[in-house]
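Written below as structure tokens is the structure these notes are about.
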Amino acid sequence: MKLTPEQVEHVALLGRIKLTEEERELFTTQLNSIISHFEQLQQLDTSGVPPMSHAVPVSDVFREDEPGESLSTEEALQNAPEQARDCFQVPRVIE
Amino acid sequence: MAEYAANIGLEVHAELSTKTKVFCGCLTAAGAPPNTQVCPVCLGFPGSLPVLNRAVVDYALRVVLAFNCEVSRPSIFERKGYYYPDLPKNFQISQKRAPLGRSGYVEFPVDGEMHRVRIADIHIEEDAAKLTHPEDDRAHSLVDFNRAGMPLLEIVSEPDMHSPSQVEGYMNAIRSALLYLGVSEARMEQGQLRFEASVSVRPADRAELGIRVEIKNLNSFRAVLGAVKYEIARQTKAVQAGETILQETRLWDDLHEVTAPMRTKETAMDYRYFPEPDLMPLVVDDEWIARVRAELPELAGRRRERLVREYALSDYDAGILTAEKALADLFEAAVSRGAPAKPAANWLTGRFLYLLNERNLTAADAALSPEALAEVVELVESNTISGPAARQVFDRIAFSGESAKKVVAELGLTQISDQDELGTTIDEVIAEHGDAAENYRKGKESALKFLVGQVMRKTRGRANPKLATELLEKKLKAD
């Protein structure tokens with residue numbers, strides 16, 4: 001499998017990252033070398049091996065349904081670039 | 001012309017009623033001021049770590065087992081990536097590859113027959129923040145993160161519904177089950193139940209499904225039914241005209257009652273799911289499953305059958321009572337306090353539902369106590385109060401929660417069953433309405449009804465109507 005510059009552009013768009021022409025070429029080359037490294041794994045027969053989601057054998061970590069500490073509105077909004085009416089203010093998302 | 005069949009699938013998003021959010025200890029209380037139930041986790045601050053609320057799994061498990069699903073073990077959480085201002089981390093924690101429940105089914109009656117809809121998957125996810133778009137500032141939207149991180153259960157059906165009435169039956173069955181299981185308040189006006197539908201049409205004699213269209217922005221039963229009807233008609237017409245249906249997402253327009261294509265960017269949605277490294281796999285053990293299964297309450301269908309069996313109610317009445325858990329609870333509690341079943345059921349399915357519909361409320365919102373209901377039934381059965389007086393009392397206790405006996409005493413509504421006392425009133429009525437009395441004597445039966453009505457009016461509903469009729473007849477014939 002070989003990644004095309006168009007696919008890199010698509011992934012960048014999904015991640016809202018703007019790439020220069022040079023960056024796009026650079027990342028295409030770098031990502032392709034990562035992918036070809038992982039492609040070596042394809043040689044192993046993994047049929048019958050369940051997909052692994054986590055690297056550590058730990059499961060069932062819970063908290064009880066008890067209220068914890070929340071922030072005050074003031075604290076929550078402290079780093080907001082813009083705020084209004086106790087809300088975070090963002091550019092309009094509908095017409 | 002060829003016959004067409006529709007296939008409809010539904011995704012239901014239900015807000016779970018746990019005390020705190022799914023991955024942090026913030027409260028889930030409705031109606032709190034903006035950004036007061038927030039913390040570093042649900043605001044998506046870097047370095048914060050989600051921890052799964054055990055009660056969310058417990059609630060979800062009830063639904064999974066009630067809908068006959070298999071439990072995925074392990075069940076894992078994944079990140080669903082997309083950018084929108086309502087999503088603080090730029091991904092939503094959800095489940096995809098190993099949802100908590102899969103391959104179940106739900107059955108419900110439609111036009112007297114049981115219909116089965118297969119459940120593809122039931123999974124746990126977090127809700128997004130709430131956006132508002134102020135009228136007085138058209139350049140901005142406002143974000144309230146109180147809703148971000150609220151626990152949601154998404155129930156995804158297979159496209160096993162073929163008509164709007166089946167869709168309605170399905171939605172009622174899901175909502176009723178959520179209430180019976182005590183896992184969600186399922187209030188649509190508060191956005192606690194939200195829907196997405198998929199609709200396709202095909203020639204009726206062909207098994208292969210048509211191109212599927214997804215419909216979003218469905219926030220009420222009415223919207224879902226409107227959108228489904230509209231889409232079936234639109235697609236059928238298009239297919240008949242030889243057009244190809246576009247595979248697309250459309251939005252329901254509540255105002256104009258149409259669906260319209262959603263405006264999309266050139267890039268199709270690509271969520272790039274991958275396992276959430278901050279949350280460990282969930283492996284529900286046999287003991288947990290056995291405990292939840294043992295504690296599953298009786299759902300509406302079973303209860304309906306039991307009410308018919310135990311109280312000799314009609315299937316129709318039992319169906320109405322069990323459609324809402326709170327209503328059936330009231331009924332059974334009143335009967336256990338001595339009320340005869342049939343009249344108690346009549347009050348609830350008749351006057352009570354009428355009053356609730358009029359006010360756009362549900363039984364859970366009313367204050368009617370089972371004791372008061374039992375009292376009203378008893379007062380009527382023992383002829384202590386008349387029918388109209390009982391209705392007056394009922395209308396009050398339904399929302400005040402007062403004792404019926406107290407209201408009867410306060411309003412002086414005790415029925416007049418005393419011949420002498422009623423006789424005086426009847427003499428007055430006959431004197432005041434000589435024409436009607438004359439008409440009756442000439443054989444006009446309906447005049448009697450009018451005169452009884454006047455007696456009821458004069459006594460403000462307190463006269464025993466049966467006695468009043470008898471006395472009137474006697475006096476008119478004697479004169």
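Throughout, protein chains are lettered first and strands after them, A, B, ... in sequence-line order, and every chain is numbered starting at 1.
The candidate with the highest count of non-hydrogen atom pairs below 4.5 Å against chain A, out of B:P34, B:C39, B:P275, is B:P34. Here B:D136 is the residue among B:D285, B:D136, B:V284, B:L27 with the most heavy-atom pairs under 4.5 Å with chain A. Per-residue heavy-atom pair counts under 4.5 Å with chain A were compared for B:T132, B:L52, B:L131, and the maximum is reached by B:L52. Annotation: maximal heavy-atom pairing with chain B below 4.5 Å, among A:P67, A:P51, A:G68, occurs at A:P67.
Looking at B:L142, the atoms closer than 4.5 Å to chain A (heavy atoms on both sides) sit in the backbone and in the side chain alike. Heavy-atom distances place no part of B:P33 under 4.5 Å from chain A, backbone and side chain included. Proximity to chain A (any heavy atom under 4.5 Å) is shown, for B:L282, by both the backbone and the side chain. For B:E276, the part lying near chain A is the backbone, with the side chain staying farther off; criterion is any non-hydrogen pair under 4.5 Å. Contacts of B:F274 with chain A are absent, with no heavy-atom separation under 4.5 Å from either backbone or side chain. Of the atoms belonging to B:D58, not a single heavy atom falls under 4.5 Å from chain A. Proximity to chain A is limited to the backbone of B:L279, based on heavy atoms less than 4.5 angstrom apart. Heavy-atom distances place the backbone of B:C24, and not its side chain, under 4.5 Å from chain A. Proximity to chain A (any heavy atom under 4.5 Å) is restricted, for B:P85, to the side chain, taken from C-beta onward. Residue contact with chain A, scored on non-hydrogen atoms closer than 4.5 Å, involves the side chain of B:V57 exclusively.
With hydrogens and angles left out, the side-chain atoms of B:T20 and A:R63 include a donor and acceptor closer than 3.5 Å. A donor-acceptor contact under 3.5 angstrom links the side chains of B:N53 and A:D65, judged on distance only.
Within a 6.0 Å radius of CD in A:E74, other residues, nucleotides and ligands contribute 12 heavy atoms or fewer. The number of heavy-atom neighbours closer than 6.0 Å to CZ of B:R293, taken from other residues, nucleotides and ligands shown, is 12 or below. Shown here is B:K96, whose NZ atom has no more than 12 heavy atoms of other residues, nucleotides or ligands within 6.0 Å.
In this structure, the side chains of B:M280 and A:P57 stay at 4.5 Å or more apart for every pair of heavy atoms.
One distance of note links CZ of A:R92 with NE2 of B:H133; it measures 6.5 Å at 0.5 Å rounding. Atom OG1 of residue B:T18 and atom CD of residue A:E64 lie 12.5 Å apart, to the nearest 0.5 angstrom. The structure places OG of A:S59 at 12.5 Å from CD1 of B:I76, a figure rounded to the nearest 0.5 Å. Taking CD from A:E75 and CG from B:N35, the interatomic distance works out to 12.5 Å, rounded to the nearest 0.5 Å. In this structure, CG in A:L77 is found 8.5 Å from CG in B:L43, a value given to the nearest 0.5 Å.
Under the 3.5 Å distance criterion, the side-chain polar atoms of B:D144 are left unmatched by any main-chain donor or acceptor of A:C87. Remark: side-chain polar atoms of B:Y83 are paired, donor with acceptor, to backbone N or O of A:G15 under 3.5 angstrom.
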| Stepwise side-chain contact (heavy atoms from CB on, under 4.5 Å) test for B:F45 and A:L71 | CA-CA 12 Å; B:F45 285 0; A:L71 297 174; 4.1 Å; yes
| request: Would you please test B:D86 and A:V93 for side-chain contact (heavy atoms from CB on, under 4.5 Å) and show each step? | output: CA-CA 10 Å; B:D86 64 4; A:V93 286; over 6 Å; no
| said: Apply side-chain contact (heavy atoms from CB on, under 4.5 Å) to residues B:D137 and A:Q89 and explain how you reach the verdict. | reply: CA-CA 11 Å; B:D137 178 3; A:Q89 185 171 267; 3.8 Å; yes
| query | After noting the C-alpha distance and the side-chain angles of A:H10 and B:D270, does the key distance pass the side-chain contact (heavy atoms from CB on, under 4.5 Å) rule? | reply | CA-CA 10 Å; A:H10 172 70; B:D270 181 352; 3.5 Å; yes
